[in-house]
Amino acid sequence: MNLIDVIDLADPPTRSLSAANVGVSLISKINILKVIEPNEWEVFTLELASVWKQQYSRAVRCGGAGDMGRDVIVYQDDSAAEWENFQCKHYSSPVGVAEAVIEISKLIYYSLNGEYSLPKKYYFVTPQGVSAKLLNALNNPERLKKELVERWDK
């Protein structure tokens with residue numbers, strides 16, 4: 001797949017290890033996810049859209065340099081008015097506050113500059129999960145806002 005990929009959800013791709021068949025193994029599902037190559041993580045996330053095709057009409061991978069904080073975006077209908085962002089992070093440890101703030105800041109910056117509208121929903125997709133501190137910030141909007149403001153100049 002290329003830097004920008006679109007999947008026709010009526011005819012999803014098939015691969016030996018895909019979002020549709022990850023559960024057919026004796027290895028635990030989370031351990032399978034951990035061994036996917038980091039550069040394939042966005043492709044895997046894009047494929048998840050084919051599993052969720054009843055919820056989304058279109059999925060686009062735009063990760064890489066110049067993605068403006070968007071790795072995989074999905075649309076609920078063809079109007080593209082409402083979209084959701086999947087931020088893909090395949091690290092060897094849980095995603096922390098510093099990494100999350102960078103990604104959320106990109107989204108704020110580019111939406112304020114009119115590059116795109118704010119997404120309806122924003123997800124971190126990571127096999128290692130998020131740190132306890134990030135989880136607390138994500139569950140407390142005021143704490144998350146404070147982290148964003150304090151780290152904005154960095």
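The closest side-chain donor-acceptor pair between W41 and T126, if any, does not fall under 3.5 angstrom.
Applying the side chain to side chain contact (heavy atoms under 4.5 Å, CB included) criterion to N39, with sequence neighbours excluded, gives E37. For E115, there are no salt bridge (Lys or Arg N to Asp or Glu O under 4.0 Å) partners two or more places apart in sequence or in a different chain. For K121, the side chain to side chain contact (heavy atoms under 4.5 Å, CB included) partners two or more places apart in sequence, or in a different chain, are E84, Y123. When the salt bridge (Lys or Arg N to Asp or Glu O under 4.0 Å) test is applied to K145, no partner is found at least two apart in sequence or on another chain. Every residue was checked against the salt bridge (Lys or Arg N to Asp or Glu O under 4.0 Å) condition with E99, not counting sequence neighbours, and none meets it.
Counting only residues at least two apart or on different chains, the side chain to side chain donor-acceptor pair (under 3.5 Å) pairs with a member in residues 63-72 are D71-Q87.
A continuous path of Ile, Leu, Val, Met, Phe, Trp and Tyr side chains, each step under 4.5 Å between heavy atoms, connects L135 with I104, placing both in one hydrophobic cluster. Under the 4.5 Å side-chain contact rule for hydrophobic residues, L138 and W152 share a cluster. One hydrophobic cluster, built from ILVMFWY side chains closer than 4.5 Å, cannot hold both I102 and L112; they sit in different ones. Using a 4.5 Å cut-off between side-chain heavy atoms of Ile, Leu, Val, Met, Phe, Trp and Tyr, with links allowed through other members, M68 and I73 fall into the same hydrophobic cluster. Hydrophobic clustering (ILVMFWY, side-chain heavy atoms < 4.5 Å, transitive): V149 and Y109 are in distinct clusters.
To the nearest 0.5 Å, atom OH of residue Y110 and atom CG of residue L118 are 15.0 Å apart. One finds the CD atom of E82 at 7.5 Å from the CG atom of D77 (value rounded to the nearest 0.5 Å). Within the model, atoms CG of L134 and CG of L144 stand 8.0 Å from one another, a figure rounded to the nearest 0.5 Å.
For F44 against I36, the heavy-atom pair with the smallest separation is CD1-CD1, 3.7 Å. In terms of heavy-atom proximity, K34 sits nearest to P127 at CE-O, 3.8 Å. A pairwise comparison of heavy atoms in G69 and N85 identifies O-ND2, 3.2 Å as the closest pair. Shown here for V97 and S131, the closest heavy-atom pair between the two residues is N-OG, 4.2 Å. Between K89 and V95, the shortest heavy-atom distance links the atoms CB-CG2, 3.6 Å. Nearest heavy-atom pair across F124 and A100 is CZ-CB, 3.6 Å.
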Could you please spell out the steps behind the side-chain contact (heavy atoms from CB on, under 4.5 Å) verdict for V60 and Y75?
CA-CA 9 Å; V60 179; Y75 301 94; 4.0 Å; yes

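Side-chain contact between Y116 and L107 is present, with heavy atoms from C-beta onward closer than 4.5 Å. Side-chain contact check for Q128 versus S92: every heavy-atom pair is 4.5 Å or farther apart.
Proximity of a side-chain donor or acceptor of H90 to a complementary backbone N or O of L33 within less than 3.5 Å is detected.
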